[in-house]
Every structure is written in C-alpha cells, then in structure tokens.
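A quick note: this is a predicted structure, and the numbers were derived from the prediction, not measured. The chain is numbered in sequence order, starting from 1. All ligand and atom numbering here is 1-based and tracks the order in the structure. These numbers come from the heavy atoms of this one structure, side chains and all, not from hydrogens, waters or symmetry mates.
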Amino acid sequence: MIKDQIIKALSKTFGGQDFTLLTPKQDSFGDFAINIKQLQSIDPKINIKSVIDQLKKIDLFSSVEETREFINFWLSNKILLENLNQISKGDNIIKSSAGKGKKIIVEYSSPNIAKPFTIGHLRSTVIGDAIANLLEAVGYKVFRDNHVGDWGTQFGKQICALKKWGDETTIEKSDKPVKLLVDLYVKFHQEAEENPKLDGEAREWFRKLETGDSEARRIWERCVDWSWIEFDKIYKTLGVIFTENKGRGYEESYFEDKMKPVIDEIEQKKLLKENEGAKLVYFDKDEYPPLMILKKDDSTLYSTRDLATDKFRLEKYGPDIVIINEVGTEQSLYFQQLFKVEEMLGWFKKGQRIHIKHGMYRFKDQKMSTRSGNVIWLEDVLGEAEKRAAKISESQGRDVAKQVGIGAIKWNDLKKTSSQDVVFNWDDLLNMKGNSGPYLQYTYARTQSVISKALIKPKIDSCDFKLRKEEQMLIKELVRFQEIIELAATQYAPNVLCNYLYSLAKQFNLFYEKLPILKADEKTLHLRLAITIATGKILKRGLNILGIDAPNTI
Ligand code: ARG
C-alpha cells in the first residue's frame, strides 16, 4: 500500500538504507516526512540538497520541502487516484504481512462459573475480540482463548450452600440459574458469619471435589453447565468466538493436574520460600509484594493455575508464542508479579507477555462492582441496548436494532484507550451525531444508499482529475487504511482504528454535504462514486474488525 510504495521509492534514492517514514500531525508539514538527522546518521556525507532534487523527480509527490529538521512530502494526485482505484475495485483491501509467520494467543472474556458475567468481562470480551481480529487482519496466526474461572476453594462454599439451601430442580427450571447460584453463595457468607463451622464444611467439599468425589463433581459440573447456558447466549449476541479447547477455551480446572510439575520446577529453581506454612515467591529488592503459590493447607491458587496455563502454552504452541491477557486494571499488580515469576523461570523473552488492561465502567458516577451488591446483569444491558436502538433505527426490524444496539456498546468500549474508564450514558452511546457506533453505521448506510442509486461502475483510470479540497482530504484518509490497521494491530490498540474511522466518517459526511455525487457531470460522477465505494468498503471492513456489524440501511 501507499506507505510501502513510498518507502520502496525512497530507499532507491538512499541506496537501500533503512529509514523511518514519519506521519506529521498537521497537513502543513506534509503527508509524510523524514528526519534529516536520521539520514545523516546513516550517511554522514549525505548531500541533502541533491537528495531533495532526486526526490522531486519521483512522481509520487506533488511537492517536497526541506525544513530545518525534516524533509516533508505531499502526495501527488496521480498516486492518490491510483490507490483510490485499487481500493474501490479490489476485494482485499488489506494486504499486510506484518504478522506473517507469527503466533499469538489472545485470551479474553474469562468470566467465572456461578458468578455474574460482569460489565468488566464484557469489556474484556469486546476489546480482546477486536485485538484478535486486528492481528488476524495483518496476518498473525491467532489463538483465541478464554480462561474461565471454574476452580478454587469458593466452589466448596458453592456446593455446600447448594446442598444445604438450594434446590436443583428449581435452578434447572429457572431462566436465570446463575442468579440463583449467586444468591446461594451470598447466603453462605451471611450464614458463615454466624456459624463459622460452615467454613470447615466448605473446605471439606472442596477437598472432595479435588479428590474426585462423585457427588461434589456432579454438582460442580451442573454449575458449569448452567453458567455456560448464559455465556453461550452472551457470546452469540456479541458475535464472539473462541478457537481453543473446542471453542470454550482452556478453563482453570483444565490445569488441575498440571500444577504439580510447575510447583516442582519453581522449587527446583530455588524460588519458593515458606512463610507461616504458605509458599511464596519473593522478588529482588522487594520490587513487588511476594506472590503466593501454595496456601498453608497446600491448596493451590489463581496464580498457581496461571503459571500452569502459561507453561502449558509454552509447550503446546512453542517458545516463540506471544501471550496477551485482556484483564481489568485492578489485576495490574498481579500480572506484573506473574510475568516476573515467569521471567525468573526463564520462560519468555521481552515482549512475549502482555497485559492489556481495561478500565472500569461508570454508570452515572457509580463505580461498578459485584461485591457492593448492585449487580448489573449483562443480559439486561444488552436487551436495553436493543430496545433503545429500535427507536432510532425506525422500521428496519429486530436484526438491525440488535446490530445498532450492540454496535453502540462495542464502539463505546473501543473508542478510547482501553485502560481508561468508560462512562456509560445511553444518550452518548446512541447519539447519531457524535462519536458513536450508530454514527459510523449510519455513515456506512449512507454510502450504500448512494451506490445503490448510481447504477454504474465507476471508471477513474485516466487519473487526470483536478481534485477539490474535500475530495483530496478524503482520499488522503482512505489511502492510510492499511497503515492504520498495522499500527492498531502492533500496538494492540483498537482505539487507533476507531479514531481513524471516526475521522474518515466525518470527512465523508463533509464531502457528501458539500459536493453533489449523483448529480455531478459524468466524469466527476465516476470519481465521486469511486470515493463513496472506497469509503464504504473501508468503513465496513474497519467496523467488522472491531466486531461491529454494518447493515446496509439503518
Ligand atoms: N476469571 C478472572 C476474573 O474474572 C479473569 C481471568 C483472567 N485471566 C487470567 N489468565 N488470569 O477476574
């Protein structure tokens, strides 16, 4: 694409040397630029004047200027139109090989069995899925994993509560089985405050579960099944899939028998220290608080299973595997500790472990938390989104309302750097005029409505157009699509793509409002139609990479 084209042409001028092509923030500094100091560091004897003379001869540029620090270039109409032509005609508008031959695990969602699928898990699902799509778009081999929390001492409490106060038939018949399980769990904690003996019973149930007692196992499996009814519904609504372990991901319990060898390895490498019966890893100069690997009753923890998970991944996918964990910012310290332990064990090289963190949702200034008791059920939020979207997408039916509602939620989650908190406000989410999912979908639908009325296939092969400002600005945005996709993918940052698409949509609407398309003279009609087709293609592909549908009408 355009950037590669320029790099290729330039490196001929510089005798094949490697240099960085910059993208200035303002149009007045060119479409692209090179740092003069960098050229001089490659070749101290370089004659900048003669370089510029040579660059002026390349027909990719309409002008080349030298400032004190940079050489700035502006793209010629010829190259802009050639690229526009390719995008409007071609099917494959991303031809990137940035990830060729590279393997990466993107682990996201990771809800817990018998617990609500929280808004935090929604963020992880949406952001993780978009990152996986981006990486796939630039050629990575992506493994989509889901680290479902289905193991740990809390299941002793869950089983104990279900045995004492629950009724399996009622849960079975309920359309909200997880809610009943959560109620039982809460009851356990209330009762245990009065009657501490219950904790002992719960421990005994967990011991039974670990040793394969059939009743403990049976109840636990039912909890898993009930939860998955809910998860499946949510993933279907969101259009999200996983590729590992038959589409469910490797859940925590999968690593039950894989922890022992890892604990042994940590012990052999002399990293495990005892403190009041528990076993922990301490860090050099107390960089982080110690990480507990075994409790004093010898039971394993979340961390033990994560270590076993990453060891398993190393063995299954090979030592070059890169692992992304999309998990909330509240687990930042934990992931630093985890990665440090793995570094001490010599399991990976720099850049192979990445914690992509997401901030919290705030509903009208209230912090969302499941512990505080004001649980927000995701199903309700998704249902409400569809209901509200139905009002704005008028008569297009339920499918479109769903696409708009879900698109609105996803866009809101993706448009900012993921580590930032997200304010949840229905009016902003569904605002057709603002930086929202529906605005993007609406702009796409606008392109399709123009195209369907045009009834011709545009031809712009001659390339001898004088471009209007609105046309030129828009084409300049269009030709950057691949560059943006690569940037967003390599930075694991869907918001980079959102920013681009939003600005593209604004630019298109400006073009649409200022210039006639279908009523233009024939030659101009071809140009403007090609621009409209290219915009539509990029908006659709971009939205799909973000996991958002682009209906033809809304
Ligand atoms: N189930 C966990 C939770 O809800 C998230 C798991 C994240 N992934 C991991 N490898 N620890 O908090």
Taking atom CG as the centre, does Asp232 end up with more than 12 heavy-atom neighbours from other residues, nucleotides or ligands that are less than 6.0 angstrom away?
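More than 12 within 6.0 Å, yes.
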
Interfacing atoms of ligand 1 (cut-off 4.0 Å, heavy-atom, [X]):
X	answer
Asn325	10 (N)
His121	3 (C), 4 (O)
Phe335	9 (C), 11 (N)

Nearest to [atom], what protein heavy atom do you find, and at what distance?
atom	answer
atom 6 (C) of ligand 1	Tyr302 OH, 3.2 Å
atom 12 (O) of ligand 1	Gln331 NE2, 3.0 Å
atom 8 (N) of ligand 1	Glu107 OE2, 2.8 Å

Next item on the list: Counting heavy atoms only, name the option from Ile113, Asn112, Asp306 that's nearest to atom 10 (N) of ligand 1.
Entry: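 Among Ile113, Asn112, Asp306, the closest heavy atom to atom 10 (N) of ligand 1 comes from Asp306.
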
*Do Ile484 and Asn499 have side chains that get closer than 4.5 Å, going by heavy atoms?*
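No. Closest side-chain heavy atoms not under 4.5 Å.
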
### Task
List the atom of Glu486, the atom of Val138, and the distance in Å for their closest heavy-atom pair.
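Heavy-atom minimum between the residues: CG-CG1, 4.0 Å.
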
Exercise for review: May I ask whether Lys115 has any heavy atom positioned less than 4.0 angstrom from an atom of ligand 1?
Suggested key: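 So Lys115 does not count as touching ligand 1.
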
Residue portion contacting ligand 1 (non-hydrogen atoms closer than 4.0 Å) for Tyr108 =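 Contact part for Tyr108 vs ligand 1: neither.
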
Would you call [X] and [Y] a salt bridge, using N to O less than 4.0 angstrom?
X	Y	answer
Arg218	Glu168	yes
Glu215	Lys163	yes
Arg144	Glu107	no
Lys340	Asp284	no

Open item on the list: Counting only nitrogen or oxygen atoms and a 3.5 angstrom limit, does Ser110 reach ligand 1?
Closed with: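 Yes, Ser110 has an N/O under 3.5 Å of an N/O on ligand 1.
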
